[in-house]
Amino acid sequence: MKMMIKFKPAGISASRYTALMGLLFAVSAALNWLESLFSAFLPAGMRIGLSNIAVMLAILCINVPSALLLTVLKACFVLLTRGVTAGVMSLCGSLAAFLVTALLFRRTKASYVLTSVLAALAHSLGQLCAACMLLKTASVFAYLPVLTVSSSAAGVLTGIALKVIFPEMVKTFGSTKQIR
């Protein structure tokens, strides 16, 4: 039995889907670059997580497979612009955040802010697991308390941003999914 993953939802043209995904990827890449400017003012290894807004929008406006594709594309962007280690860290953290976000948005009525905070925490945990494998030491988990505080703060910021942006996104582009 052959299993097919449908990225483009029914009822949306291929050109509209491609344009929307291209826009979300461009926004993700731009936000990733923008937050790299702020990272110089943050403690080592911390980022705001603004590019995750694009993934959350993809889950809310398109579908989960498209959001997964965007997550992988984001990690590829990091790989190409910052190297292998950053790419692996990005992929592990982003996949963990994606899973939490997809589960919470699809299975619960959790708020944007709570979902974003939990996704940010999952992202940090995913990155620590990647660092543990890359460095072959569990001592990286000593950084967990610091990342928990910073991830929670970043999650609140991205959750609030999503709450503001999502209704405008739906007005402008429509949505194939109406969750809230």
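- Hydrophobic clustering, with ILVMFWY side chains joined whenever heavy atoms are under 4.5 angstrom apart, groups Phe105 together with Leu99.
- By the 4.5 Å heavy-atom criterion applied to side chains, Thr71 and Leu91 are not counted as neighbours.
- To the nearest 0.5 angstrom, Ile53 atom CD1 is 9.0 Å from Leu157 atom CG.
- Distance CG/Leu69 to CE/Met21: 4.5 Å, rounded to 0.5 Å.
- Here the side chains of Phe77 and Ser51 are not in contact, with every heavy-atom distance at 4.5 Å or above.
- Minimum interatomic distance between Pro145 and Ala142 (heavy atoms only, all atoms of both residues): CD-O, 3.3 Å.
- Cys129 places a side-chain heavy atom less than 4.5 Å from the side chain of Phe141.
- Contact record, Ala154 with Ile48: CB-O, 3.2 Å, taken as the closest heavy-atom pair.
- Here the CG-CG distance, from Leu68 to Leu73, works out to 9.5 Å after rounding to the nearest 0.5 Å.
- Of all the heavy atoms in Gly49 and Thr158, the pair that sits closest is O-CG2, 3.5 Å.
- Identified under the salt bridge (charged side-chain N to carboxylate O under 4.0 Å, His left out) test for residues 17-38, with sequence neighbours left out: Glu35-Arg47.
- Nearest approach of Val140 to Ala131, heavy atoms of both residues: CG1-CB, 4.1 Å.
- Across every non-hydrogen atom of Ser116 and Gly155, the tightest pair is OG-O, 2.9 Å.
- Taken together through direct or relayed side-chain contacts under 4.5 Å among Ile, Leu, Val, Met, Phe, Trp and Tyr, Met89 and Leu128 form parts of separate hydrophobic clusters.
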Between Ser124 and Tyr143, does a side chain to side chain contact (heavy atoms under 4.5 Å, CB included) hold up when you go through it step by step?
-> CA-CA 10 Å; Ser124 292; Tyr143 205 39; over 6 Å; no
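- A distance of 9.5 Å separates CG of Leu125 from OG of Ser151, quoted to the nearest 0.5 Å.
- Side-chain contact between Ile59 and Phe98 is present, with at least one heavy-atom pair separated by less than 4.5 Å.
- At a threshold of 4.5 Å between non-hydrogen side-chain atoms, the residues Ser66 and Asn63 count as touching.
- Put simply, the side chain of Lys109 does not reach to within 4.5 Å of the side chain of Leu104, judged on heavy atoms.
- At a threshold of 4.5 Å between side-chain heavy atoms, the hydrophobic network of Ile, Leu, Val, Met, Phe, Trp and Tyr places Val149 and Val113 in two separate groups.
- Note that NE2 of His123 is 9.5 Å distant from SG of Cys92, once rounded to the nearest 0.5 Å.
- Annotation: side chain of Leu50 is not in contact with side chain of Asn32 (no heavy-atom distance under 4.5 Å).
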Given the rule in the side chain to side chain contact (heavy atoms under 4.5 Å, CB included) test, do Tyr112 and Ile160 qualify, once you have shown the distances and angles that lead to the verdict?
-> CA-CA 7 Å; Tyr112 298 142; Ile160 291 169; over 6 Å; no
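- Two different hydrophobic clusters hold Met133 and Leu144 under the rule that ILVMFWY side chains link at heavy-atom gaps under 4.5 Å.
- Judged as a side-chain hydrogen bond (donor to acceptor under 3.5 Å, both in side chains), not a single pair has a partner in residues 88-103 (not counting sequence neighbours).
- Taking hydrophobic clusters as Ile, Leu, Val, Met, Phe, Trp and Tyr residues chained together by side-chain heavy-atom distances below 4.5 Å, Val72 does not share a cluster with Val78.
- Heavy atoms only, all atoms of each residue included: Ala96 and Ala122 are closest at CB-O, 3.3 Å.
- Rounding to the nearest 0.5 Å places CG of Leu103 at 11.0 Å from CG of Leu118.
- A donor-acceptor pair is defined here as one N or O able to donate and one able to accept, closer than 3.5 Å; no such pair exists between the side chain of Ser28 and the backbone of Leu24.
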